[in-house]
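Below is one structure, written out as structure tokens; comments come after it.
Count residues from 1 along the sequence.
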Amino acid sequence: MNGSRERGKALRRLKRIAGHLARTSGVQALGRWYRGNPLILMYHGVTRAPSRGLLNCEGKHVGVDRFVEQLRFLKRHRRVIPLDALVSGVVTGADMRGAVAITFDDGYENNVTQAAPVLAELKMPATFFLATGYVDADRWMWVDKLEFVLNHTTCSALTLEGIGHVGLEDKREALRVIKRFAKQQPQEILERLVAVVDEQCGVSSEAPAGDHRFMTWAQARALKGSGFEIGAHTVSHPMLSRVELAQAEREMVDSRAAIRRELGVCSEIFCYPNGKTSDYTPQIIACAARHFQAAL
């Protein structure tokens with residue numbers, strides 16, 4: 001790499017790639033796009049469960065049949081390589097035509113039970129980014145908690161500070177409104193909002209199950225043992241621009257430390273929670289650069 005100018009060119013190239021992916025989705029869109037560009041594809045989960053009401057209503061967990069179809073498409077038309085090889089190739093200016101890396105965010109159990117067997121059968125690499133505070137814990141991701149309690153509540157409306165009256169005649173719209181507001185708030189207000197929704201909905205707080213459940217460390221070790229890369233995705237999954245910089249740094253380094261402690265090794269690539277440009281700042285990027293080779 002030849003100084004900051006070449007680094008800037010590489011980063012701008014990655015940004016153009018990310019910007020296009022934000023506007024397109026699905027196998028057909030991928031097939032129509034210029035084949036020469038390297039791609040980083042991000043999943044959250046793979047499921048065999050049908051959507052029910054609000055549960056997986058936004059398709060965060062891809063159906064296993066569709067996942068198989070997408071991977072077979074990639075195998076025919078792309079060169080699927082490990083994430084670290086793709087990032088290194090882009091930064092150093094190597095020929096990355098047709099290169100694709102597959103990643104998973106958060107650490108849901110179905111990454112192990114549904115996604116990994118398909119990837120292994122097709123001999124395709126992938127990187128799994130873990131929010132380590134959820135691994136081996138009966139702990140809800142806040143967006144999942146909202147889906148669950150709104151899906152099961154018999155209440156007709158909620159009253160929420162900062163939003164006001166939220167009718168539940170159309171629960172999908174209510175979920176969209178609450179999530180959009182929550183993602184704009186500092187972390188402590190977000191957490192308080194979710195607790196108020198939970199309380200007003202009056203749904204029994206059971207442990208997360210099914211596609212809401214996270215993997216255990218034993219399962220993470222099995223992924224590593226199968227040749228997959230494991231990376232850091234913070235401890236508690238805050239949007240890093242919504243917390244103090246010192247806390248953001250702890251989230252990054254403590255997540256990596258937990259993975260190193262449990263698995264012996266952690267990817268040198270970090271993955272920002274949520275990942276919109278408003279979710280990290282120049283200060284957050286500089287912090288990530290002090291501790292990792294790259295960040296997504």
Side-chain angles (χ1 to χ4, degrees), residues 10-11 13-48 59-108 110-130 215 219-220 222-233 259 263 265-272 275 292-296:
L11 291 174
R13 188 179 181 202
L14 283 172
K15 188 173 182 180
R16 287 196 300 273
I17 293 167
H20 181 85
L21 288 177
R23 297 189 297 272
T24 62
S25 62
V27 169
Q28 290 75 22
L30 180 62
R32 287 195 300 267
W33 198 42
Y34 173 55
R35 291 171 182 257
N37 284 290
L39 305 174
I40 299 172
L41 302 181
M42 182 270 288
Y43 292 88
H44 283 92
V46 175
T47 184
R48 292 186 181 275
K60 182 165 74 172
H61 302 274
V62 178
V64 66
D65 292 341
R66 175 166 290 187
F67 184 62
V68 170
E69 177 190 6
Q70 291 172 353
L71 293 192
R72 287 176 176 167
F73 178 92
L74 292 171
K75 199 170 183 69
R76 289 194 304 270
H77 299 290
R78 292 290 194 273
R79 176 166 56 101
V80 180
I81 63 175
L83 175 64
D84 60 353
L86 187 148
V87 170
S88 177
V90 169
V91 171
T92 59
D95 182 2
M96 303 306 295
R97 286 174 294 182
V100 173
I102 297 170
T103 70
F104 283 79
D105 281 10
D106 299 344
Y108 287 99
N110 63 29
N111 293 183
V112 181
T113 60
Q114 304 301 327
V118 176
L119 289 160
E121 181 179 352
L122 294 174
K123 297 181 171 58
M124 300 175 79
T127 300
F128 295 85
F129 289 105
L130 307 185
M215 69 179 73
Q219 289 172 319
L223 280 179
K224 175 180 173 290
S226 296
F228 296 110
E229 186 178 23
I230 309 298
H233 192 46
I259 294 169
L263 307 184
V265 65
C266 180
S267 172
E268 289 303 316
I269 301 170
F270 174 74
C271 184
Y272 299 111
F292 298 88
Q293 292 178 356
L296 305 182

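When side chains are defined from C-beta on, Ser267 does not count as touching Leu83, because their heavy atoms never get closer than 4.5 Å. No side-chain heavy atom of Leu74 sits under 4.5 Å from any side-chain heavy atom of Leu122. Residues Thr127 and Ile269 form no side-chain contact, since every pair of their non-hydrogen atoms from C-beta on lies 4.5 Å or further apart. When side chains are defined from C-beta on, Lys224 counts as touching Val265, because their heavy atoms get closer than 4.5 Å. In this structure the side chain of Asp84 never reaches within 4.5 angstrom of the side chain of Gln293, judged on heavy atoms.
Distance CE/Met96 to CG/Leu39: 10.5 Å, rounded to 0.5 Å. The CD atom of Gln114 lies 5.0 Å from the CZ atom of Arg48; values are rounded to the nearest 0.5 Å. Within the model, atoms CD1 of Ile259 and CZ of Phe129 stand 9.0 Å from one another, a figure rounded to the nearest 0.5 Å. In this structure, Leu71 CG and Arg76 CZ are separated by 11.0 Å, a value rounded to the nearest 0.5 Å. The structure places CG of Asn110 at 13.0 Å from OH of Tyr43, a figure rounded to the nearest 0.5 Å. Separation of atoms NE2 (His233) and CG (Leu130) is listed at 9.0 Å; rounding is to 0.5 Å.
Closest approach of Pro125 to Leu119, counting heavy atoms only: O-CD2, 4.5 Å.
In this structure, Arg79 contributes its side chain and Arg97 its backbone to a donor-acceptor pair below 3.5 Å. Thr103 contributes a side-chain N or O that, together with a main-chain N or O of Leu41, makes up a donor-acceptor pair within less than 3.5 Å.
Using a 30° and 60° split on the angle between ring planes, His77 and Phe73 fall in the tilted class, from 30° to 60°. Using cut-offs of 30° and 60° on the angle between ring planes, the pair Phe104 and Phe128 is parallel.
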**OP:** Verify side-chain contact (heavy atoms from CB on, under 4.5 Å) between Val118 and Val46, making sure each step is shown before the conclusion.
**Re:** CA-CA 10 Å; Val118 176; Val46 175; over 6 Å; no
Subject >> Leu296 vs Met42, side-chain contact (heavy atoms from CB on, under 4.5 Å): CA-CA, chis, key distance, verdict >> reply: CA-CA 10 Å; Leu296 305 182; Met42 182 270 288; over 6 Å; no
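Within 6.0 Å of CZ in Arg72 there are 12 or fewer heavy atoms belonging to other residues, nucleotides or ligands.
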